[in-house]
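Have a look at the structure below, then the notes.
Please read these numbers as outputs of a predicted model, since none were measured by experiment.
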Amino acid sequence: MTWHPERPEPTGYRLRVNGHLDEQWSAWFGDLALTHDSDGTTSLSGFVADQAALFGLLMKVRDLGIILVSVEAIGPASSLPRSAANSQR
C-alpha cells in the first residue's frame, strides 16, 4: 500500500523581526509584504508554499543576523486579503 499525503493549501504566515527592514528586502523574502510596526519591528506577511519554504525564510532571517521576534500562522492563502494573496503569486 502506498501512502499519498494530500498536498496542503499554502498557509499564510507573519514573521516579525526586530528593526525596520527596507522595502527592497521584500523580493529577497519571496515577495512577502513588509509592514513597519510602531514597536520598532517589521512584519513579513504572505503565503508560504510548504514547511520547506517556511524553513528557508527562517534561514534567511538567521543568515542576515536579524532577531526573530515571532512566527504566526495566519491561515491558508485563501483567507489572506486579496491584495496580499495576489502579490505572492
Under the side chain to side chain donor-acceptor pair (under 3.5 Å) rule, collect the residues that match up with [X], sequence neighbours excluded.
{"X": "Asp22", "result": "none"}
{"X": "Asp37", "result": "Thr41, Ser43"}
{"X": "Glu23", "result": "none"}

Next on the checklist: Quick check for you: to the nearest 0.5 Å, what is the distance between His20 atom NE2 and Ser38 atom OG?
Outcome noted: 8.0 Å
Checklist entry - Within the side chain of Thr42, is there an N or O that forms a donor-acceptor pair under 3.5 Å with the backbone of Thr35? => result no
Output a table of donor-acceptor pairs, distance under 3.5 Å, between side-chain atoms of residues 52-74 and any protein atom two or more places apart or on a different chain; print 'none' if there are none.
from: Lys60; atom 1: NZ; to: Trp28; atom 2: O; distance (Å): 2.5
from: Glu72; atom 1: OE1; to: Arg14; atom 2: NH1; distance (Å): 2.9

